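Only one structure is covered here, and it is reproduced in the block below.
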Amino acid sequence: MRYSKLLIPTLKEDPAEAEVVSHKFMLRAGMIRKLAAGIYTYLPLGYRVIRKVENIIREEMDRAGAQELLMPAVQPATLWQESGRWEHYGRELLRFKDRKDTDFCIGPTHEEIITDLVRMNVRSYRELPINLYQIQTKFRDEIRPRFGLMRGREFIMKDAYSFDRDEAGVDESYQKMYKAYCRIFERCGLKFRAVEADTGTIGGSFSHEFMVMADTGEDTIACCDTCSYAANTERAEIREAKTPASPGPEAALEEIATPGRKSVEDVAVFLHVPPERLIKTLIVMDGKGHAAAALVRGDHELNEIKLKNHLGWASIEMADEETVRKVTGGPSGFSGPVGLKGIPVVADPAVKSISNAVAGANRQDMHLCNVNVPRDFRPDEFKDIRIVKDGDGCPRCSGTLHLSRGIEVGHVFKLGTKYSESMGATFLDEDGKSKPMIMGCYGIGVGRTAAAAIEQNNDQNGICWPLPIAPFSVLVLPLNVKSEEVRGAAEKIYEELNSSGIDTLLDDRDERAGFKFKDADLIGIPLRVVIGDKGLKDGIVEIKERKSGEVTKVPLANATESILKMIRK
RNA sequence: CGGGGCGUGGCGCAGCCCGGUAGCGCACCUGCUUUGGGAGCAGGGUGUCGGAGGUUCAAAUCCUCUCGCCCCGACCA
């Protein structure tokens, strides 16, 4: 295409609203424009990237045996009420009424719709397994959209749903998708890792997230340095550390005044005790009148998701002051396990091995010293409920876990029968019995994948697109379009590349060289062919690789051939 | 939802405290010169100062309300 005919409104200055590089460069390179918070228009350049990513996804999904369809974005509440999520999904689900006052929502995901479709149309085991997918715009009314396409409210997502007769089948479907995802992200030129993850609102039994490694990522993942174990910190298990061989002798329990010292840090400093000698007691509640106490070592952090899953609660939050007083008898900041009654007490295993610990006394401005398990208290159970730290032990081997940041671009779930049972998606098996289908679901954030690619591939001057998802593969840049010779050579190369099926952009604008170079670097086309009077005098054009900056000078006559060679390499 | 900040030409901002003709840089349009890393000169267009109400002779500026956007938080007891 010709640059002069394309809408590519590049910006010289950083837009004030952009925080991360991918957002900045997408705005500056004229790929996206914001319409409202978390809602963006894809301009021609940006949409080309989106389509490249989509097509890679399509090819790999089709190769894996999935079938493409397209479901409505607007969904009736009745289906969501059937699955029970109309009540449980929360404010993220954008709801509205039509003119007849019927409730609808804009789909944040499509389990209900696909399950409805399949239960109406698939009845026999002979028709299973089946895997259906779509690439479609979703809407989730995020608390706080940010980072451009990284966390938008409206976004393009590929979502696939598999239906199987039995466990073995769903395992196979899951594995197929897992492999397809690996191929997709490899083809997109991304450094990524598949990690074990929590299943969140979608529900289900087992899942992996596909994380693109990037320091700006919103998720933290723990990877073992020895084996292949990797997990989101929301889920990452921790190998229980061995208890110290000889804990000190147990001293007598003692109450001590700690006026105004509520936080672990304040108490530790005040009593001259390291934080790891403290027991942090957190009172949590589920919003339905249940409360529980969680104990973790002072220098550890509670993993609410682990605790929530362990307690089997639908939601979890820190207890308010009133609840804390009711449950512990003291104000918040001074809660402790000794004498705590009437609510379940879950302790992290690390709490077991603290000898002569410090804990809240459940009284204003008082703490207890020399607290010991089991002499002074016995938790109802010990359970890994803390957040993994860099350097913790791997749960699968003797290795060590290290933390790094990632961007979640894909997620595969084994859903089980959660939706098929609540919505009656059953089939008749060989034995003539009606059974619920076993489901899996598999998502990829298309825009987020593009954004993640920029996070991994950029420099000071702009984006360095990986070839497979670049908006164009080659940029032909004549320095002076007023020169017949230069323009002629550029047009020739442009035509030849086009007819070889290469996505080529011709910068035919009558602009100064420096201006065009700056734009070229910004929009990040992988290969740039520069044609100028000077070079042409010697029959030479330059090919520059965006990422490496490497320049190759080739004879004009061989230019197209050389470029094709570099692309197909 | 809590805290902080910001809405002034397409973009980035100044002006607001202390009310008195709406400005700067970039971008845009015209012409000439220039032409291998965001050119120079000359000329030009561009704004309901986010919106509504109020105070005032007079409001971008002061007051009230409202809408939008950005950042931090919404575990650290």
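Below, chains carry the letters A, B, ... as their sequence lines are ordered, and counting in each starts from 1. All of these numbers come straight from a predicted model, not from anything done at the bench.
- In this structure, A/Ile143 reaches the bases: a heavy-atom distance under 4.0 Å links it to at least one base atom across the strands shown.
- The CD-C1' distance, from A/Glu511 to B/C26, rounds to 14 Å in whole Å.
- In this structure, CG of A/Leu35 is placed 12 Å from P of B/C70, rounded to the nearest angstrom.
- Base engagement by A/Lys12 is indicated by at least one non-hydrogen atom pair under 4.0 Å involving a base atom.
- Note: A/Thr323 OG1 to A/Met285 CE = 4.5 Å, rounded to the nearest 0.5 Å.
- In terms of polar N and O atoms assigned as donor or acceptor, the side chain of A/Glu301 comes within less than 3.5 Å of the base of B/C75 in a complementary pairing.
- Straight-line distance between the C1' atoms of B/A52 and B/G7: roughly 16 Å, to the nearest whole Å.
- Pairing for B/A58 is absent, with no Watson-Crick or G-U wobble pair whose two atom distances lie under 3.5 Å.
- Residue A/Arg509 is classed as having no contact, given no heavy-atom separation below 4.0 Å to the nucleic acid.
- In terms of polar N and O atoms assigned as donor or acceptor, the side chain of A/Arg28 never comes within less than 3.5 Å of the base of B/G12 in a complementary pairing.
- Base pairing of B/C1: its partner is B/G73, meeting the Watson-Crick or G-U wobble criterion (both donor-acceptor distances under 3.5 Å).
- Comparing B/C70 with B/G23, their P atoms sit 31 Å apart, to the nearest whole Å.
- Using a 4.0 Å heavy-atom criterion, one finds that A/Ser335 contacts no nucleic acid atom at all.
- If you take atom P in B/U61 and the same atom in B/U48, they sit 16 Å apart, rounded to whole Å.
- Between A/Tyr47 and A/Tyr42, the angle of the ring planes lies from 30° to 60°, which puts this pair in the tilted group.
- B/A42 and B/U30 make up a base pair, with Watson-Crick or G-U wobble contacts both under 3.5 Å.
- Nucleotides B/C57 and B/G19, compared at atom P, are 15 Å apart to the nearest Å.
- Looking at A/Asp519, its side chain comes within 3.5 Å of the base of B/G38 through a donor and an acceptor atom.
- The same atom, P, is picked in B/U46 and in B/G9; the two are 15 Å apart, to the nearest Å.
- In this structure, A/Glu542 reaches the bases: a heavy-atom distance under 4.0 Å links it to at least one base atom across the strands shown.
- When the side-chain nitrogen and oxygen atoms of A/Lys280 are compared with OP1 and OP2 of B/C75, none of them lie within a distance under 4.0 Å.
- Using N1 to N3 plus N6-O4 or O6-N4 for Watson-Crick, or N1-O2 and O6-N3 for G-U wobble, each under 3.5 Å, B/C6 pairs with B/G68.
- The nearest whole Å value for the distance from the NZ atom in A/Lys34 to the P atom in B/C11 is 11 Å.
- When both pairing distances are held under 3.5 Å, B/G53 makes a Watson-Crick or G-U pair with B/C63.
- For the C1' atom pair drawn from B/A59 and B/C49, the interatomic distance equals 11 Å after rounding to whole Å.
- For the pair A/Arg33 and A/Tyr40, the NZ or CZ position fails the cation-pi test of under 6.0 Å to the six-membered ring centre and within 45 degrees of the ring normal.
- A donor-acceptor pair shorter than 3.5 Å can be found between the side chains of A/Arg405 and A/Thr220.
- A gap of 24 Å separates the C1' atoms of B/C32 and B/G37, to the nearest Å.
- Within the nucleic acid shown, A/Gly535 comes within 4.0 Å of at least one base atom, counting heavy atoms only.
- Contact annotation: side chain of A/Lys537 to base of B/G36, donor-acceptor pair absent below 3.5 Å.
- Using a 4.0 Å heavy-atom distance criterion, A/Gly333 is classed as a sugar-phosphate-only contact.
- B/U21: no Watson-Crick or G-U partner with both key distances under 3.5 Å is found in any strand.
- At most 12 heavy atoms of other shown residues, nucleotides or ligands fall within 6.0 angstrom of atom NZ in A/Lys383.
- Rounded to whole Å, the separation between the C1' atoms of B/G47 and B/A14 comes to 15 Å.
- Counting distance only, with no hydrogens placed and no angle test, the side-chain atoms of A/Glu13 and the base atoms of B/G25 include a donor-acceptor pair under 3.5 Å.
- Of the possible polar contacts, one joining the A/Asp380 side chain to the A/Val345 backbone as a donor-acceptor pair under 3.5 Å is found.
- With contacts defined as side-chain heavy-atom distances shorter than 4.5 Å, the pair A/Val358/A/Phe270 does not qualify.
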